[in-house]
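Chain A is the first sequence line, chain B the second, and so forth, proteins listed ahead of strands; every chain is numbered from 1.
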Number of protein chains: 2
Amino acid sequence: MTFRKVLDIIKVYYHGSIDREAITIQDLTARRVPGSRASAREFVYSTLRQSILHLDLKPGTKMSEQEISEQFKVSRTPVREVFVHLNQDGLVEIYPQRGTYVSLINLRALEEGRWVREIVEKAVIEEAAGRLTEEDLHKLESNLAAQEVCYRNKNYLEMLGLDDEFHGTIFRACGKERTYEMVKQLNIDLYRLRVLRLSHDFRWDQILNQHRQILQALREGKGEEAKRIMGEHLRMVIVEKDQLLADYPEYFVDL
Amino acid sequence: MTFRKVLDIIKVYYHGSIDREAITIQDLTARRVPGSRASAREFVYSTLRQSILHLDLKPGTKMSEQEISEQFKVSRTPVREVFVHLNQDGLVEIYPQRGTYVSLINLRALEEGRWVREIVEKAVIEEAAGRLTEEDLHKLESNLAAQEVCYRNKNYLEMLGLDDEFHGTIFRACGKERTYEMVKQLNIDLYRLRVLRLSHDFRWDQILNQHRQILQALREGKGEEAKRIMGEHLRMVIVEKDQLLADYPEYFVDL
DNA sequence: TCAAGTATACTACCATGGTAGTATAAAAAG
DNA sequence: CTTTTTATACTACCATGGTAGTATACTTGA
């Protein structure tokens with residue numbers, strides 16, 4: 001259980017040029033982007049969150065206050081606050097006086113998340129059809145262009161992020177940003193699963209194609225068709241419980 | 001939106017019309033059992049959460065670490081952790097080095113919450129129809145009986161809780177507990193609004209009646225009818241923006 | 001009278017030490 | 001060898017002191 005990957009991410013965040021030993025709070029705050037007040041808490045939170053979502057921290061990994069605070073060169077107080085936050089996200093489990101662990105991927109939650117996502121995305125896309133502004137459509141087009149580049153370069157992790165952004169843009173265009181955040185929250189385990197199977201379990205060409213069709217239907221104001229394609233699109237994520245439990249038994253829980 | 005802008009809004013209304021002496025949590029803390037296993041953090045969290053939801057702490061009220069920790073007789077550390085938690089719930093806004101305030105009720109979020117709730121509840125009730133076990137139906141019946149008692153006693157706050165429980169039971173029966181939590185989270189401001197208008201703005205008799213009809217339709221497996229009634233039921237909560245802003249200008253924000 | 005600068009009293013943020021509870025392994029008893 | 005007891009090394013939890021940043025009242029200067 002090493003945190004080397006986490007440290008790599010820290011370096012990337014801070015322009016990749018900071019000596020690991022030299023990272024202090026002062027450095028972090030000194031390099032903050034004007035307008036964004038990066039507190040230690042926020043920094044540790046966003047870093048750890050991403051590490052968990054990208055499976056740099058595997059499900060089940062132990063994360064002690066002590067160890068994390070040493071790695072991040074901050075005290076245990078902000079780390080504890082981050083744990084509370086991540087616990088609410090469902091990304092870590094806190095066992096008092098025993099330890100804090102990265103949550104296992106919950107297969108039941110996976111199914112439920114997909115169910116609600118299909119319900120909500122279908123409703124949203126129906127609202128979106130014909131209502132999107134030119135700017136919205138342009139944003140979606142740019143996103144698709146980026147997706148194509150990622151597809152050609154087989155940069156699937158970034159493609160996953162763009163996928164999320166594609167759907168998020170549609171929600172935002174309808175004034176449903178909070179809804180999108182909630183759906184994303186419910187599908188947080190699905191996200192980890194998709195990262196886990198990035199290279200071998202996805203038909204990225206089909207996904208890309210469906211995105212194109214959705215955009216086309218939206219542009220033409222064909223709500224029903226967009227809804228239909230979206231349904232197919234979301235049902236593509238097949239969760240083979242038995243296979244997953246066989247391949248990665250230590251990552252999953254089913255309750 | 002800048003912090004400053006929000007602060008100005010709060011400042012004006014806070015000094016203008018909110019009685020500082022009304023912010024007392026002493027009564028609630030009396031319920032803490034000394035031998036209880038609940039951690040200080042959990043106790044403070046659940047107490048404050050309920051206080052905010054029940055409007056014992058009005059929107060816009062200042063809540064300093066110092067003050068809260070003294071009232072709860074705990075240190076500032078767990079209080080800070082609670083603030084992080086409440087902040088994620090959307091119940092408080094933290095302005096670093098400035099203060100922490102009970103969130104204003106967001107009228108946009110209100111509309112969005114109602115929208116997604118109607119979408120999801122309709123889908124759930126369709127799944128529920130004909131699938132509920134005898135135990136589920138019995139639970140719903142007991143709930144309705146309790147609602148009738150509350151109605152006769154004009155105990156509307158408890159009735160509101162039973163209302164939530166009624167809907168929650170249906171979700172749980174379908175294995176959609178997490179979805180329910182999400183919907184509740186998105187409707188957290190609606191809850192506060194309902195508490196605010198408890199006595200004068202609701203037709204509790206109609207609500208009770210609709211609950212009865214929903215249960216009946218569920219028992220008979222009439223999914224379509226249950227769905228229709230649920231739609232009416234949820235659309236009953238009318239949000240008159242202008243009226244609200246006129247009556248309680250200091251409680252709301254619209255962005 | 002009024003604007004600009006200063007002093008003071010706050011705030012949330014972070015570091016650190018101590019504590020009760022828990023798991024593990026060694027030692028003792030059967 | 002097995003079970004029980006004890007010792008030790010952890011854990012998250014909480015209390016407390018100090019700090020940088022912010023707002024406000026006060027003083028100063030025109």
Shortest non-hydrogen contact between [X] and [Y], atoms and distance:
X	Y	value
A:L104	A:G60	CD2-N, 3.7 Å
A:E127	B:W115	OE2-NE1, 3.0 Å
A:V82	A:R41	CG2-O, 3.3 Å
B:G90	B:S103	O-OG, 3.0 Å
A:K62	A:R98	NZ-O, 4.0 Å

Whole-Å gap separating [atom2] ([N]) and [atom1] ([X]):
X	N	atom1	atom2	result
A:H85	D:dA12	NE2	C1'	19 Å
B:E65	C:dA9	CD	P	20 Å
A:M63	D:dT11	CE	P	13 Å
A:Y101	C:dT22	OH	P	14 Å
B:N87	C:dA12	CG	C1'	12 Å
B:E81	C:dC13	CD	P	12 Å
A:E42	C:dA12	CD	C1'	13 Å
A:I68	D:dC13	CD1	P	14 Å

Taking only side-chain N and O atoms of A:R98, does any of them lie within less than 4.0 angstrom of OP1 or OP2 on D:dC10?
no

Go nucleotide by nucleotide along DNA chain C from the 5' end; which of B:G99 and A:P96 gets its closest nucleotide reached first?
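Closer to the 5' end of DNA chain C: B:G99.
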
Go through the steps to decide whether A:Q185 and A:I188 satisfy the test side-chain contact (heavy atoms from CB on, under 4.5 Å), and finish with yes or no.
CA-CA 5 Å; A:Q185 173 60 34; A:I188 207 161; 4.0 Å; yes

Please determine, for the side chain of B:R41, which listed nucleotide (D:dA12, D:dC14, C:dC14) has the closest atom?
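Nearest listed nucleotide: D:dC14.
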
Are any protein N/O atoms closer than 3.5 Å to N/O atoms in nucleotides 16-20 of chain D? If there are, list each pair with its distance.
unit_1, atom_1, unit_2, atom_2, d
D:dT16, O4, B:T77, OG1, 2.9
D:dG17, N7, B:R76, NH2, 3.4
D:dG17, O6, B:R76, NH2, 2.5
D:dG18, O6, B:R76, NH2, 3.2

Testing the 3.5 Å rule here: is there a donor-acceptor pair between the side chains of B:D163 and B:H167?
yes

At 4.0 Å (heavy atoms only), tell me whether A:R80 reaches a base, stays on the sugar-phosphate, or touches nothing.
base

